[in-house]
Amino acid sequence: MISIIVPVYNAEKYLNRCISSLLNQTYYNLEIILVNDGSTDNSKKICENAAKKDSRVKVINSVNEGVSLARNKGLKRASGDYVSFVDSDDYVEPGYIEKMLLTLKKKKVDIVYCSAIVENINGVFIQREYEKNKLIKIQNYDWNSSEAHCVVRGALIPKWVVSDLKFDKKLFVGEDTYFFAQCIKKVKCVYCIKNPLYHYVIYDKSVSHGNSINRLVTEIYAWQKIAHLFNNNDSAKVACAMRCKKMLLENQKNKVFKNLYYEDMAKIYKNYFVIVIKYFLARKKIDSAIKNCIFIILIDVNFRY
């Protein structure tokens, strides 16, 4: 059996679509765990109605404690041999579970993840994530490659891998990236499926978008944890540095960020600067190396973007 964990919070507009896509899977032996995280709309009713119609649906109702604790409650309840995470505003293709499970067994790998179609609330295509199938040995995992998976959605993970793991409730952004990093750290090989079996929907009120700067900066803390976890893998340090750079650039006019976080973000970036340059030069990405050399000069003269 496979357990699919869906954290739910005020998702009444999209929840039926999500649940229907899970119930219509070509692989039938499922346990669909809907964790209602204190919703104030009709989400609770939608979850309970789904459970009444199909015994594979299990509902956990709780007070609002955030997506990390909601997923942790789902993990605690999960009884399947594998787990998969789907967000309540997203939906999946009918062969989502079956194709990943078949690939996992055929390729003899520990974890499988699939490409996603990224779309807006109106279903308009934005981008596709992965362009090729690839078997990746964890010792060679490059966090900056086009096939690197940095989220928990769209993956099939053995229960034994997650049995002693929890999502970090102190991380508001990047909590799933760190969780997935902990998962792949425990295995030898993963497999990337180019077939887009997952639909990732971006809309204004999504947990991952529109947060306050105090929450957004926790993504950097998540990447620091990953860099420490993959201490012998320079790509993790480069990924952390690149996200620091992105945050410094995107928040140049944010007074709260400048007062509270600028110096810390700049320090993290500078600590990894030499590794960043070596990483790009080794891959003959001269333009990227030059741009980062310019960027660190601007930081050193306290240039506020």
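Below, all heavy atoms of this structure are taken into account, side chains as well, without hydrogens, waters or symmetry copies.
Using a 4.5 Å heavy-atom cutoff, the side chains of I2 and M100 are not in contact. When side chains are defined from C-beta on, Y269 counts as touching N292, because their heavy atoms get closer than 4.5 Å. At a threshold of 4.5 Å between non-hydrogen side-chain atoms, the residues C293 and I277 count as touching. Looking only at side-chain heavy atoms (C-beta outward), E98 and Q25 stay at 4.5 Å or farther from each other. Between Y9 and N64, some side-chain heavy-atom pair lies under the 4.5 Å cut-off. Counting only heavy atoms from C-beta outward, the side chains of F125 and I117 approach each other to under 4.5 Å. Annotation: side chain of V217 is in contact with side chain of F257 (closest heavy-atom distance under 4.5 Å). Put simply, the side chain of P7 reaches to within 4.5 Å of the side chain of V67, judged on heavy atoms.
When each of F167, Y198, F180 is checked for a ring-ring contact (aromatic ring centres under 6.0 Å, His included) with F85, only F167 meets the rule. Between D176 and the choices L171, D168, V151, the side chain to side chain contact (heavy atoms under 4.5 Å, CB included) rule is met once, by V151.
One finds the CD atom of E250 at 9.0 Å from the CG atom of L216 (value rounded to the nearest 0.5 Å). With values rounded to the nearest 0.5 angstrom, L249 atom CG is found 11.0 Å from C244 atom SG. With values rounded to the nearest 0.5 angstrom, C150 atom SG is found 8.0 Å from N144 atom CG. Once rounded to the nearest 0.5 Å, the distance linking CG of L30 with OH of Y96 reads 11.0 Å. In this structure, E12 CD and K45 NZ are separated by 11.0 Å, a value rounded to the nearest 0.5 Å. Taking CD1 of I5 as the reference point, atom NZ of K73 lies at 13.0 Å (rounded to 0.5 Å).
Using cut-offs of 30° and 60° for the angle between ring planes, the Y113 and H149 rings count as parallel. Y141 and W143 have perpendicular rings, their planes meeting at more than 60° on a 0 to 90° scale where under 30° would count as parallel.
At distances below 3.5 Å, at least one donor-acceptor pair connects side-chain atoms of T218 with backbone N or O atoms of V173. Counting only distance, with no hydrogens or angles, the side chain of N120 and the backbone of I202 share no donor-acceptor pair below 3.5 Å. Under the 3.5 Å distance criterion, the side-chain polar atoms of N24 are left unmatched by any main-chain donor or acceptor of P94.
Looking at R71 and D87, a side-chain N of the basic residue comes within less than 4.0 Å of a carboxylate O on the acidic one, giving a salt bridge. For the pair E129 and R153, the salt-bridge criterion is met [side-chain N within less than 4.0 Å of a carboxylate O].
Transitive grouping of hydrophobic side chains (ILVMFWY, heavy atoms separated by less than 4.5 Å) brings I294 and L248 into a common cluster. The cluster map of Ile, Leu, Val, Met, Phe, Trp and Tyr, joined by side-chain heavy atoms under 4.5 Å apart, puts L102 and L197 in different clusters. Cluster annotation: I296 and Y262 are assigned to the same hydrophobic cluster (Ile/Leu/Val/Met/Phe/Trp/Tyr, side-chain heavy-atom contacts under 4.5 Å, transitive).
The closest side-chain donor-acceptor pair between S212 and N214, if any, does not fall under 3.5 angstrom. Checking E48 against N36 by side-chain atom types alone, no donor-acceptor pair falls below 3.5 Å.
For the pair K170 and Y221, the NZ or CZ position fails the cation-pi test of under 6.0 Å to the six-membered ring centre and within 45 degrees of the ring normal.
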